[in-house]
Amino acid sequence: ESESESDLDSDIEAGIYEKNVRTFKLFSVIAHHGDYVGRGHYTNCTYDKLTDKWYHFDDENVQSIYDGDALGNADAYLLFYTR
């Protein structure tokens, strides 16, 4: 056991070690609708922090949506997070 591992173990036992926890927030979801990746249709849901709203983009159509609609998309293909 190295000295640094031993120090860390001692700190944990003493209750002075605080784990560095990083949180991430989902801000965009790309969804694929269709049977194959190369074929079908893609849509996007993106969170706008200036308006505190989620928006659904489908070609030229853009509409405000509830956050549950963005998060509950079974066709989600790519998810984007920020710290």
Side-chain angles (χ1 to χ4, degrees):
E1 184 172 354
S2 72
E3 184 177 330
S4 62
E5 288 174 350
S6 177
D7 291 344
L8 180 59
D9 290 341
S10 297
D11 289 348
I12 291 171
E13 288 174 13
I16 60 174
Y17 175 75
E18 183 177 322
K19 186 176 180 182
N20 183 11
V21 178
R22 294 186 180 183
T23 59
F24 297 87
K25 182 173 180 168
L26 180 70
F27 74 91
S28 187
V29 178
I30 296 176
H32 177 262
H33 313 277
D35 294 332
Y36 305 102
V37 175
R39 301 183 74 185
H41 184 69
Y42 291 89
T43 60
N44 174 261
C45 295
T46 297
Y47 175 74
D48 179 12
K49 67 180 180 179
L50 295 176
T51 62
D52 192 30
K53 292 183 181 179
W54 280 88
Y55 292 93
H56 180 256
F57 297 86
D58 185 355
D59 294 332
E60 68 275 354
N61 300 313
V62 179
Q63 63 186 136
S64 176
I65 60 171
Y66 295 105
D67 58 354
D69 292 338
L71 304 176
N73 189 334
D75 296 321
Y77 182 68
L78 289 174
L79 306 174
F80 295 88
Y81 293 86
T82 186
R83 276 196 228 178

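Just so we're clear, the structure is a prediction, and the values are computed from it rather than from any experiment.
Residue V29 is grouped with residue I65 when hydrophobic side chains (ILVMFWY) are merged at heavy-atom distances under 4.5 angstrom, including chains of intermediate members.
Taking CZ of F27 as the reference point, atom OH of Y81 lies at 10.5 Å (rounded to 0.5 Å). Here Y42 contributes atom OH and L78 contributes atom CG; the two are 8.5 Å apart, rounded to the nearest 0.5 Å. Atom CG of D59 is separated from atom NE2 of H41 by 4.0 Å, given to the nearest 0.5 angstrom. In this structure, NZ on K25 lies 9.5 Å from OG1 on T82, to the nearest 0.5 angstrom.
A side chain to side chain contact (heavy atoms under 4.5 Å, CB included) with F57 is found for exactly one of I30, N44, T43, namely N44.
More than 12 heavy atoms of other residues, nucleotides or ligands shown are found within 6.0 angstrom of OH on Y47. The local environment of OH in Y66 is sparse, with at most 12 non-hydrogen atoms from other residues, nucleotides or ligands closer than 6.0 Å.
Within the 4.5 Å cutoff, the side chain of D48 has heavy atoms near those of the Y55 side chain.
Heavy atoms only, all atoms of each residue included: G40 and H32 are closest at CA-NE2, 4.0 Å. Considering all non-hydrogen atoms of both residues, L79 and A76 come closest at CD2-CB, 4.1 Å.
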